[in-house]
Amino acid sequence: MPRIAYLGPEGTFTEQAVCRLLADSTATGLNTAELIPAESVAAALDAVRSGERDAACVPIENSVEGSVTSTMDALADGAPLVAVAETMLPVRFDILVREGTRAEDVRTITSHPHALAQVRRWLEVHLPGAAQSATTSTSAAAVAVRDGQADAAVCSPLAAERYGLSVLAGQVADIEDAVTRFLLVRRPGAVPPPTGADRTTVVVVTGDAIGSLARVLNEFALRGVNLTRIESRPIKGSFGEYRFFLDFAGHVAQAHVGEALAALRRHCQDVRFLGSFPRADEGGPSGSDEAFTAAAEWLAEIRSGGRA
Ligand SMILES: O=C(O)C(=O)Cc1ccccc1
């Protein structure tokens, strides 16, 4: 049975995400799998790199706080991995405490930084003055509260029961309809076939030259490729140098996407392919190959002497 690592411990939103991915076996090609919690995103990805796990499910971005930078960095460094599926979860939080703790007793509150950020206003109003600290995941925060290391945790609704905690407040979210996107990542292998509504993700190092980023963006614009996300991250150890994470509509098997990627490969210092997979949102279609295929056929005819 395939073994899938997820950002644990048990009861995280990431565990819910991987369950949702498995329920839709067309997205993953998997009907069943053993789910194994990992201590951090980096540990989950490294377990896939080493072959100890077959895949990993990790959070990549949310609509309130943006990208999960630790995931991005862990995907850009180390042996290459590719995403084969994504899913999006609406996220609302429970504020969990040990039984008997009242709001006025809460001095310290802990969770994953993205969870704390998504209830910031609620905390200011309802638990003002409580000191905040970060954990590697929402369930790691539940463990910290259970073990007496903090008074309250911002968690997924699954965590209260799993860790024997009480709900101080349920269904908390500063922004209604906030969603988090998760990726299922594997070692490079067969790319999932195009569905007509796919997303491709790459990370590029443009090099330090005037217009180098504009050139990258132009390669997409010229071919009608719609970017869905662009984000820069520092290249650690080289102050002032960045790499760009680019998500766009389309699949590497499509001619216009392939041409855009080949152009990046020619112009950029480094290009890492991070996967083409079916889109989980209502985003538009992948763009059309028709004009590119027709032009390629026309060129082939000229080259073979079939057309003047
Ligand atoms: O999966 C979790 O529980 C995490 O800690 C990551 C996270 C944090 C906030 C929103 C969604 C996922």
Side-chain angles (χ1 to χ4, degrees), residues 4-23 33 35-48 53 55-75 83 85-97 109-123 132-147 149-150 152-163 165 167-185 229 231 280-281:
I4 304 184
Y6 66 90
L7 174 63
E10 280 181 24
T12 55
F13 290 102
T14 313
E15 184 185 1
Q16 289 172 49
V18 70
C19 289
R20 181 184 276 218
L21 281 165
L22 283 176
L35 304 183
I36 304 159
E39 259 183 25
S40 64
V41 165
L45 297 179
D46 282 345
V48 180
R53 305 283 180 255
C57 185
V58 291
I60 183 78
E61 63 167 330
N62 73 59
S63 57
V64 178
E65 198 50 19
S67 293
V68 183
T69 51
S70 52
T71 304
M72 290 167 56
D73 292 343
L75 285 172
E86 69 173 14
T87 190
M88 291 189 185
L89 277 190
V91 168
R92 301 182 77 81
F93 300 89
D94 281 359
I95 312 295
L96 302 184
V97 292
I109 181 150
T110 189
S111 196
H112 187 280
H114 275 238
L116 290 169
Q118 289 181 65
V119 297
R120 187 176 293 132
R121 280 207 304 272
W122 190 94
L123 293 179
Q132 296 185 7
S133 64
T135 51
T136 49
S137 76
T138 53
S139 290
V143 171
V145 170
R146 183 196 64 193
D147 295 349
Q149 288 153 7
V154 182
C155 291
S156 97
L158 292 181
E161 208 181 302
R162 300 234 185 145
Y163 296 97
L165 296 173
V167 179
L168 184 70
Q171 297 281 300
V172 173
D174 289 350
I175 310 280
E176 293 285 327
D177 307 325
V179 291
T180 300
R181 189 163 68 94
F182 299 83
L183 296 178
L184 186 71
V185 171
R229 186 169 71 123
E231 193 110 15
D281 59 4

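Counting convention: from 1, in listed order, for ligands and their atoms alike. Predicted, not measured: the structure shown is a model, and the values here were computed from it.
For the residue pair T135 and H112, the shortest heavy atom distance occurs at OG1-N, 3.3 Å. When all heavy atoms of L21 and A85 are compared, the closest pair comes out as CD2-CB, 3.9 Å.
Inclusion of S139 in the set of residues having an N or O under 3.5 Å from an N or O of ligand 1 is not warranted. Between L7 and ligand 1, not a single N/O pair is under 3.5 Å apart.
With values rounded to the nearest 0.5 angstrom, L45 atom CG is found 12.5 Å from R53 atom CZ. Taken to the nearest 0.5 Å, the CZ atom of R181 stands 5.5 Å off from the CZ atom of R229. Residue D46 holds its CG atom at 12.0 Å from CD of E39, rounded to the nearest 0.5 Å.
At the top of the distance list for atom 1 (O) of ligand 1, counting protein heavy atoms only, stands T14 OG1, 2.6 Å. Closest to atom 3 (O) of ligand 1 among all protein heavy atoms lies T138 OG1, 2.3 Å. Among protein heavy atoms, atom 8 (C) of ligand 1 sits closest to H112 ND1, 3.8 Å.
For ligand 1, the atoms closer than 4.0 angstrom to any heavy atom of S137 are 5 (O).
Of all the heavy atoms of T180, the ones lying under 4.0 Å from any atom of ligand 1 belong exclusively to the side chain.
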Subject >> Worked check of side chain to side chain donor-acceptor pair (under 3.5 Å) between T110 and S133 >> reply: CA-CA 5 Å; T110 189; S133 64; 3.1 Å; yes
